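Notes to accompany the following structure.
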Amino acid sequence: MLVLGIESSCDETAAAVVSDGSEMLSNVIASQIAIHGRYGGVVPEIASRKHMEAIIPAAQQALDNAGVSMSDIEGIAATKGPGLVGSLLVGLSAAKAMAFAADIPFVGVNHIEGHIAAIFLTENKPDFPFIALVVSGGHTHIYLVRGFGDFQILGQTRDDAAGEAFDKAARMLDLGYPGGVVIDRLAKEGNPSAIPFPRAMKGSVDFSFSGLKTSLLNYMKGREKPITTGEMPDLVASYQEAIVDVLVDKTLTAAEDASVPRVVVCGGVASNGRLRERFLEGGKRAGIEIFVPPPVLCTDNAAMIAVVGNNLLCNGRRDGLDLNAVSRWPLD
Ligand code: KG4
Ligand code: ZN
């Protein structure tokens, strides 16, 4: 089955064609980073307008890149939530209109389920059940995944998401947006043990990153001189290590506690080089197999939405053209 996926929950306008929920024929991502970068974060109103300009060209490009036309597509899947409602509505409305015009079924998909499902586009697919760590700009959640659509939440952040911890630190340090990418790059030249930032909520599978952010602020305030360019790598490497440490420790502990020796790491933060490295090391030591999609499938994309859509459509799910976007949509 050929499914056209559409994703517009935040600042990427994305469209992709996926065959049988496992083979990616195209994956088009029109990023708005350059526009929002000027404001230090995503401006929802601008995001909606940019999605409107980009959505049809992105869908056409996805068909062209896959070497197919609309008449080959058997179903359309679009992100219904969670995300920015104005942004979601653009992708959802375009998907509904295309499905109506082509007289093919349409389904709305949960963005977080999409992040988890991205792993099924890779060669090495995990068996169910597995543990999933979803780390993005809005989520830091550990799930037990028993099957498609069958999730049990094991742990989550009490305040900021891991991606927010990266983005807010980058803003405080005037490093630009999105923070995760800049910190990842700068940290490669730094010493992760240079500054002892706190690791919160030891002994629990829940997370908290607001204390870490405050600790960075206090570190900056406590200095007599501004941080120099030369000092930045050690500072961000230490800050990043505090985030990575808790993500790896708690996720592997959750897998051990549940006696599930498979962990999927996904969401934008899963493209972080140090996080990937530390998960692979930790997994090897603990006898837990680690599955991480390539970076392009960790950050927002529509191929992951098409994978979930394919599964829903194969199970007979059909959504009406009155389906609405939702800003919050817990997975379990
Ligand atoms: O999944 P995603 O693309 O969008 C959401 O659903 O939120 O995740 C975006 C988040 C941002 O906070 C961004 O800073 C972070 O992922 N991110 C990274 C990296 N690339 C993106 N964080 C750490 N290291 C990276 N290389
Ligand atoms: Zn996302």
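Ligands are counted one by one from 1 in listed order, and the atoms in each one are counted from 1 as well. This one's a predicted model, so the numbers in the text were calculated from it and none came from an experiment.
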Examine Val181 against ligand 1 and note whether any of their N/O atoms are separated by less than 3.5 Å. no
Looking only at distances, can you tell me whether any N or O atom of Thr299, backbone or side chain, sits closer than 3.5 Å to an N or O atom of ligand 1? no
I'd like to check whether Gly273 has a polar contact with ligand 1, where a contact means an N/O of the residue lying under 3.5 Å from an N/O of the ligand. no
Working to the nearest 0.5 angstrom, can you tell me the gap between Ile183 CD1 and Leu235 CG? 8.5 Å
Please verify whether a non-hydrogen atom of Gly138 lies at under 4.0 Å from ligand 1. yes
Distance to 0.1 Å, residue and atom name: give those for the protein heavy atom nearest to atom 20 (N) of ligand 1. Ser271 OG, 3.2 Å
If you have a sec, read the angle at the Zn ion (ligand 2) from His111 atom NE2 over to His115 atom NE2, to 10 degrees. 100°
How are the rings of Phe120 and Phe130 set to each other: parallel, tilted or perpendicular (split at 30° and 60°)? tilted
Closest to the Zn ion (ligand 2), among the N/O/S atoms of Asp300, is atom OD1
Pick whichever of Asp300, Asp167, Val42 has a heavy atom sitting closest to atom 14 (O) of ligand 1. Asp167
Tell me: protein heavy atom nearest atom 24 (N) of ligand 1, and distance? Asn272 ND2, 3.0 Å
Identify, by atom number and element, the atoms of ligand 1 in contact range of Gly163, meaning under 4.0 Å from any of its heavy atoms. 12 (O)
Write down the atom of Val326, the atom of Leu88, and the distance for their closest heavy-atom approach. O-CD1, 3.4 Å
Nearest neighbour of atom 8 (O) of ligand 1 from the list Gly268, Gly41, Gly180, Ala161, on a heavy-atom basis: Gly268
Report yes or no: do Leu186 and Phe166 belong to one cluster of Ile/Leu/Val/Met/Phe/Trp/Tyr joined by side chain heavy-atom distances under 4.5 Å? yes
Ser210 and Asp160: side chain donor to acceptor below 3.5 Å: no
Pro82 versus His139: any side-chain heavy-atom pair under 4.5 Å? yes
Val269 heavy atoms, cut-off 4.0 Å: which ligand 1 atoms fall inside? 15 (C), 16 (O), 18 (C), 22 (N)
Greater than 12 external heavy atoms within 6.0 Å of Arg223's CZ: yes
For ligand 1, is there an atom lying under 4.0 Å from some heavy atom of His139? no
Decide whether an N or O pair under 3.5 Å exists between Gly137 and ligand 1. yes
Hydrophobic cluster membership, with links at side-chain heavy-atom distances under 4.5 Å among I/L/V/M/F/W/Y: are Phe148 and Ile119 in one? yes
Heavy-atom pair of closest approach, residues Ser215 and Pro198: OG-CD, 3.3 Å
For ligand 1, which atoms, with element, lie under 4.0 Å from some heavy atom of His115? 1 (O), 6 (O)
Has Arg158 got a side-chain atom pairing as donor or acceptor with Asp206's backbone, closer than 3.5 angstrom? no
Within the 3.5 Å criterion, strictly below it, is a donor on Asn65 or Ser26 matched to an acceptor on the partner's side chain? no
Pairs of nitrogen or oxygen atoms closer than 3.5 Å, one from His111 and one from ligand 1: do any exist? yes
Classify the contact between Asp184 and ligand 1 as side chain, backbone, both or neither, using a heavy-atom distance cut-off of under 4.0 Å. side chain
